[in-house]
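Structure record follows, encoded as structure tokens.
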Amino acid sequence: MALYSELPVYSKTYQLLCDVMRQTPNVRREYRYTMCQDLTRLLTDMLVNIYEANRTREKLDAIEELRRNVVKVKIYLRAMVDLRLTSEGWYVQEAEKAEDVSRQLALWEKYLRGKKQTM
């Protein structure tokens, strides 16, 4: 079992969290303490869920929850650019990271489902 902090999905989610935290001071005040705070909390929860998924035997439930949370992250990111809280360039970079996290989780889930069928 790999260390959770060395998993590519953990690293990419952590990068996304740091980017959001760096962007937060540039967001208008009325959204800084609502949308940005919620997004930061969501990404932090995702990092904890990745840790939990890595350490438990029954990983599928945690991965399914993570995939639902990636959809929420994408919604927040899209709303931030639509409300003109961030630049489109920033949005594109972060949306690509969120999509990469989603892809990695889908592959992890596919691997586990295949492994489960062979047992």
Task: W108 versus A53, closest heavy-atom pair with distance - done: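 Scanning both residues, the minimum pair turns out to be CH2-CB, 3.7 Å.
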- [ ] Taking all non-hydrogen atoms of both residues into account, name the closest pair between V9 and I50 and its distance.
- [x]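 So the minimum-distance heavy-atom pair works out to O-CD1, 3.9 Å.
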Task: Pairs touching residues 42-68 that satisfy ring pair (Phe, Tyr, Trp, His ring centres under 6.0 Å), sequence neighbours left out - done: Y4-Y51
TODO: Please list all pairs passing the ring pair (Phe, Tyr, Trp, His ring centres under 6.0 Å) test where one or both residues lie in residues 83-103, with sequence neighbours left out.
DONE: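 For residues 83-103: none.
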Can you tell me how far [atom2] of [Y] sits from [atom1] of [X], rounded to the nearest 0.5 angstrom?
X	Y	atom1	atom2	value
T34	R29	OG1	CZ	12.0 Å
E88	Q93	CD	CD	12.5 Å
L16	S11	CG	OG	12.5 Å
L39	Q23	CG	CD	11.0 Å
N26	L85	CG	CG	11.0 Å

With [X], which residues qualify under side-chain contact (heavy atoms from CB on, under 4.5 Å), at least two apart?
X	value
T44	L17, T40
R84	none
L107	none

What residues form a salt bridge (charged side-chain N to carboxylate O under 4.0 Å, His left out) with [X], not counting sequence neighbours?
X	answer
E64	R113
E30	R28
R103	D100
E52	none

Quick one: are [X] and [Y] in side-chain contact, heavy atoms under 4.5 Å?
X	Y	answer
M46	V101	yes
D38	M35	no
C36	M80	yes

Distance-only donor-acceptor pairs under 3.5 Å for side chains of residues 66-78, two or more places apart:
| from | atom 1 | to | atom 2 | distance (Å) |
| --- | --- | --- | --- | --- |
| R67 | NH1 | E109 | OE1 | 2.4 |
| R68 | NH2 | E65 | OE1 | 2.7 |
| K74 | NZ | E99 | OE1 | 2.6 |
| R78 | NE | D82 | OD1 | 3.2 |
| R78 | NE | D82 | OD2 | 3.1 |

Task: All pairs passing side-chain hydrogen bond (donor to acceptor under 3.5 Å, both in side chains) where residues 12-22 contributes a residue, at least two apart - done: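 Pairs touching residues 12-22 that pass the test: D19-R22, D19-K97.
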Open item on the list: Are L7 and V48 linked, directly or through intermediate hydrophobic residues, by side-chain heavy-atom contacts shorter than 4.5 Å (ILVMFWY only)?
Closed with: no
